[in-house]
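Comments concern the structure below.
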Amino acid sequence: MPRPTRRGAVPASADRRTSPATPRTSRQEFRLLRHPAWGMAVGALCVSASAVLLGLARTDPGTASFYRCVLALPALMVLAVPERRRQGPPSRGQYGLALLAGAAFAWDMLLWTQAIAEVGAGLSTVLVNVQVVLVPLLAWAIDQESVPRSFLLWVPVILLGVVLTGGVVEGGASGTDPRAGTLHAVLAAVCYSVFLFLLRRGGHNGLVRQRYVLVIACAAAVSLLAGRFAYGLDLTPGWKVMGWLLAVAVSSQVVGWLLVASTSPMLSSHVGAVLLLLTPVGAVALGAVVLGERPTPLQLAGCVLILVSAYCAAVREIRPRHRPVRSADAHASGPGGTADGP
């Protein structure tokens, strides 16, 4: 029988469970954190379906970006309730990071959705994954996270693959305007990289699900405003369009990005960025099968060049350099302790 404590005193075991530096996780989450690379890979493949599904929806970027967030919010809020009961609400600092990440995510979706029609579903997804270069550079510049020299040596090769994939050399992309699509996809990549960096950075402090709800809610608000004034917004797009957007919300927002948000803090920035390159692999395959897209040989060579060079750049670092944070370890390391952060 436990020994009684004084009124107002907090038992040591309870203190370990509720300490800000030791966020509790459910058993399901803990299993996922044991294999973060697999979780990231599964999340990336789920996200890859969004390009094709948005191509089938055939709606404005503002409409697509707004509804893919709004339709995901009810399920995400239900998933966040147990975490809030266990760990309490996020801090003000976590709110700020989540809102910034949401704004970046909204602009990424708007620009990328516009690029789908201009350069094709599969190829637009490949182009936006120039994040494989930008995310590690952001982590190096802001968090002083070391980036292997071998990775940096492969950067020019990855960028060459991006140029070939965009169809700029031969003008053979399947979309309506390959040059404009390339520009929009690269701008989306900048927003995408900021989103991934902030998502991973904020995840070091736990409360992943609650923060992710804030990210998606902010992205929905920004998409609503941007769609109203610039990117097109139809609040009643019809049942067929809503059905495709619901599929995007479930596969990408609820399953895919939640997996990425949960696992990316456990991996080095460049390893996580490389694993997300499974997204264009899935998108190119689905684009060819479902939408009948036919990339030219030179564009396919660009896709292969991106994936092979990115893999070679990160193959030695494919496993996390630090083991996942367990509650007892985090408590011993003191406030602010993380698995792989600075």
Side-chain angles (χ1 to χ4, degrees), residues 37-38 40-52 54-55 112 115-137 147-175 177-179 181-190 192-193 196 256 260 267-318:
W38 284 106
M40 177 74 81
V42 172
L45 289 174
C46 291
V47 171
S48 69
S50 60
V52 173
L54 288 172
W112 177 61
I116 290 175
E118 296 169 335
V119 78
L123 298 179
S124 65
T125 305
V126 174
L127 282 171
V128 81
N129 274 280
V130 74
Q131 59 83 21
V132 75
V133 177
L134 298 180
V135 172
L137 291 179
V147 179
R149 183 177 301 177
S150 59
F151 180 84
L152 296 176
L153 291 176
W154 279 100
V155 167
V157 183
I158 296 173
L159 293 178
L160 175 61
V162 172
V163 173
L164 293 177
T165 300
V168 177
V169 176
E170 57 185 358
S174 61
D177 193 344
R179 289 175 174 80
T182 300
L183 175 61
H184 290 143
V186 171
L187 290 175
V190 175
Y192 185 39
S193 301
L196 290 174
V260 173
L267 297 166
S268 301
S269 60
H270 66 283
V271 173
V274 166
L275 287 173
L276 280 173
L277 286 177
L278 288 173
T279 300
V281 174
V284 168
L286 287 173
V289 173
V290 179
L291 300 181
E293 294 182 348
R294 293 295 180 266
T296 66
L298 197 57
Q299 290 172 319
L300 287 175
C303 294
V304 172
L305 193 60
I306 290 175
L307 298 178
V308 171
S309 58
Y311 174 79
C312 292
V315 65
R316 295 182 180 179
E317 299 284 333
I318 199 64

Ignoring hydrogens, what is the shortest heavy-atom contact between Gln131 and Ala273? Give both atom names and the distance.
NE2-O, 3.1 Å
Might you point out which heavy atoms bring Pro136 and Ser269 nearest each other, and give the distance in Å?
CA-OG, 3.6 Å
Residues that Val190 engages under side-chain contact (heavy atoms from CB on, under 4.5 Å), provided they are two or more places apart:
Leu134
Can you confirm whether Val135 sits close enough to His270 that some side-chain heavy atom of one is under 4.5 Å from a side-chain heavy atom of the other?
no
Per the side-chain contact (heavy atoms from CB on, under 4.5 Å) rule, which among Val260, Leu267, Val42 passes with Leu275?
Leu267
Nearest non-hydrogen partners of Gly256 and Cys46, listed with the distance
CA-CB, 3.8 Å
Check: residues 281-290 side-chain donor-acceptor pairs under 3.5 Å, at least two apart:
none

Under the side-chain contact (heavy atoms from CB on, under 4.5 Å) test, which residues partner Val157, sequence neighbours left out?
Trp154, Leu305, Ser309
side-chain contact (heavy atoms from CB on, under 4.5 Å) involving Ala188 - partner list, sequence neighbours excluded
Asp108, Leu111, Trp112, Val128
By side-chain contact (heavy atoms from CB on, under 4.5 Å), Leu45 pairs with (sequence neighbours left out) Leu278
If I take atom OG1 from residue Thr279 and atom OH from residue Tyr192, how far apart are they, to the nearest 0.5 angstrom?
5.0 Å
